[in-house]
Amino acid sequence: MKSLRTKVDRFGVSFIERFGGFLNPLLLELKKENNQLLSFYFHGLFESSQQKELHHIDPQNNMTLKQFDDFIDYFQNHNYKFIAPEDLNSGLENGPYAMITFDDGYFNNMLAVDILNKYKVPAAIFISTRNISENKSYWWDIIYKYRAQQGVSIEKIRDEQKYLKSFKHSAIDDYILKNFGKEAFIPWSDIDRPFNTEEIKNPASTSYISIGNHTHNHAILVNYNKEEIKEELRLSNKIITELTNSNPISIAFPNGNYNQLVLEAAEEEGFQYAFTTEPDRNLLPLGNNKLTRVNRYLSKTTKIKKYGGFYRLGYTPNTLYDEAIMTASSLKKKLKIFP
Ligand SMILES: [Zn+2]
């Protein structure tokens, strides 16, 4: 269908791509959002933009505190109620709802606590337990830190990270060891370090944070067989349960990768919610499968207004354009009745 579009249509679509943000106030008036849950995933937080310049962590997708604060403020002002994964079981009605999740388990997530308390908003942190119990730096940060120091271009760094994602954790560890030495696993500062076990026990004595499973070794699960997948999930849940006295019912797949085998393994291990990285809204009510997949949007490090994007209403530039044309022609018809 796309190839059949006329020049005018293509212009319309690209116009919406560029300027669609301006249409939002209008769209939001017309569209009901209350039957949806928007789930977002974050990674690290920077105290300030200057902290980014230290290159202690791969800055990709990491937000500043100010951006995080704006994010919550924006959605609360648009009548979104923030919920935790645990709330999914209580049957959601009368949304719209939003959810904040952090992947990996960076200590810098603690920077969010004051803001969560201020807005009375919960967040879930999906942790990779081996990094936490061994105070082990995340491998993609190691690649970033050392390569950036060597003056390697960001494109080459991304290629190297991407290449490593096709391996099991043991092969990635061997690669790090061989290329950067044992000390590379030691974090550089509070900016790149994972939480420690004491901190996971009681994250800043706030009830607004809950802990979920992100495997033991940050294992990209599609690289493993079923028994290995289960072992990753079990080990992580065992440690989290020991530390927090509660057994996680949610898993976020590392790097967002999963297949049928991964879903089966997660379901058989008793998980109820699998958080993906498919950028889409979740229509309510959620399905009542044993294991429910929850779509998540990647948090944006650009202007907060982008969150108001048409994507949050389930549109793409193409479908939004089609609807605009249809609305315009039906309006025209109506106007003819009252000339
Ligand atoms: Zn991760």
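Any value given below was found using the heavy atoms of this structure, including those in side chains, with hydrogens, waters and symmetry copies removed. Just so it is clear, the model here is predicted, and its values are computed rather than measured. Both counts, for ligands and for their atoms, begin at 1 and track the order of listing.
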Which value, rounded to 10°, describes the NE2(His214)-the Zn ion (ligand 1)-OD1(Asp104) angle?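 It rounds to 90°.
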Of the options Asp104, Asp173, Asp141, which is the one that meets Lys136 in a salt bridge (charged side-chain N to carboxylate O under 4.0 Å, His left out)?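 Among Asp104, Asp173, Asp141, the one that satisfies the salt bridge (charged side-chain N to carboxylate O under 4.0 Å, His left out) with Lys136 is Asp173.
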Give a yes or no on whether His43 keeps an N, O or S atom under 2.8 Å from the Zn ion (ligand 1). no
Do any of the N, O or S atoms of Asp103 sit under 2.8 Å from the Zn ion (ligand 1)? no
Check all N, O or S atoms of His218 and name the one closest to the Zn ion (ligand 1). NE2
Would you indicate whether Lys290, at its atom NZ, is surrounded by more than 12 heavy atoms from other residues, nucleotides or ligands within a distance under 6.0 Å?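 No, NZ of Lys290 has 12 or fewer neighbouring heavy atoms, counting only those of other groups under 6.0 Å.
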Salt bridge Lys66-Asp73, side-chain N to carboxylate O under 4.0 Å: no
Decide, yes or no, whether a salt bridge links Glu199 with Arg193 under the criterion of side-chain N to carboxylate O below 4.0 Å.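 Arg193 and Glu199: salt-bridged.
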